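In what follows, a single structure is set out as structure tokens and then discussed.
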Amino acid sequence: MTEWFEQWFGEEYLRLYPHRDDRDAGEAVALIDRVVPLARRPVLDLACGPGRHAAQLAARGARTVGLDLSLPLLARARRPARGSVALVRGDLRHLPCAAAAVGVGVHPLT
């Protein structure tokens with residue numbers, strides 16, 4: 001049986017939410033960067049979708065890995081402008097790597 005999210009997050013998602021763009025992601029990441037400086041910090045962007053936030057995180061100097069289950073969204077995330085982000089296809093319920101491999105838990109946010 002296919003899970004609902006395996007069908008929902010594809011090209012239709014991108015057409016339904018066109019207002020969720022790079023500018024919107026940039027504003028969210030700027031807010032995070034003001035509270036937790038991102039430069040040189042490892043960041044795992046779970047359910048990264050088309051990579052909007054992952055690209056903004058990397059632009060601020062974070063060592064960013066984006067993980068998503070959707071092949072159509074990962075294909076969008078692979079656009080040339082997003083080349084500084086490592087992308088992985090996987091299910092966030094079962095991470096395909098140890099948390100320490102991407103620095104999770106190694107550098108606390110405080």
Side-chain angles (χ1 to χ4, degrees):
M1 178 181 208
T2 303
E3 296 279 1
W4 67 269
F5 51 82
E6 292 179 71
Q7 297 174 353
W8 175 243
F9 292 101
E11 292 298 326
E12 299 82 14
Y13 170 82
L14 295 171
R15 285 193 296 274
L16 187 59
Y17 296 105
H19 61 283
R20 294 183 176 165
D21 57 15
D22 290 337
R23 193 180 118 250
D24 176 62
E27 290 172 3
V29 171
L31 176 63
I32 294 167
D33 194 33
R34 282 196 296 273
V35 177
V36 180
L38 293 167
R40 296 179 306 282
R41 190 177 293 269
V43 176
L44 175 59
D45 183 358
L46 293 173
C48 69
R52 296 176 302 112
H53 294 93
Q56 295 291 330
L57 290 161
R60 290 185 174 265
R63 296 186 321 270
T64 308
V65 175
L67 179 131
D68 205 284
L69 187 59
S70 170
L71 285 174
L73 295 184
L74 284 172
R76 180 70 60 99
R78 286 190 177 96
R79 293 187 316 205
R82 304 200 195 288
S84 59
V85 176
L87 297 168
V88 178
R89 181 169 191 252
D91 187 329
L92 64 86
R93 298 171 298 173
H94 311 284
L95 294 179
C97 61
V102 291
V104 176
V106 175
H107 302 286
L109 297 178
T110 57

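The model shown is predicted, which means the values in this text are computed figures rather than measured ones.
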**Euclidean distance, L73 CG relative to L87 CG, rounded to 0.5 Å** = 11.0 Å
**Item:** Under 3.5 Å: donor-acceptor pair, side chain of R41, backbone of A62
**Value:** no
**Asked** For I32, which residues count as a side-chain contact (heavy atoms from CB on, under 4.5 Å) partner, sequence neighbours excluded?
**Response** L38
**Prompt:** Below 4.5 Å, heavy atoms only, C-beta onward: do C48 and L74 meet side chain to side chain?
**Reply:** yes
**Prompt:** Could you give the distance from CZ (R52) to CG (D24), rounded to the nearest 0.5 Å?
**Reply:** 5.5 Å
**Asked** Going by heavy atoms in the side chains, are L69 and R89 under 4.5 Å from each other?
**Response** yes
**Message:** Restricting to side-chain contact (heavy atoms from CB on, under 4.5 Å), what partner residues turn up for A28, sequence neighbours left out?
**Reply:** H53
**Complete:** The side chain to side chain contact (heavy atoms under 4.5 Å, CB included) partner of Q56 among D45, V85, T64, D22 is D22
**Asked** Who are the salt bridge (charged side-chain N to carboxylate O under 4.0 Å, His left out) partners of R34, not counting sequence neighbours?
**Response** none
**Request:** List for me each residue that meets side-chain contact (heavy atoms from CB on, under 4.5 Å) alongside L92, sequence neighbours excluded, and say none if there are none.
**Result:** L46, A47, L67
**Least distance between heavy atoms, P37 atom then D33 atom** = CA-OD1, 3.4 Å
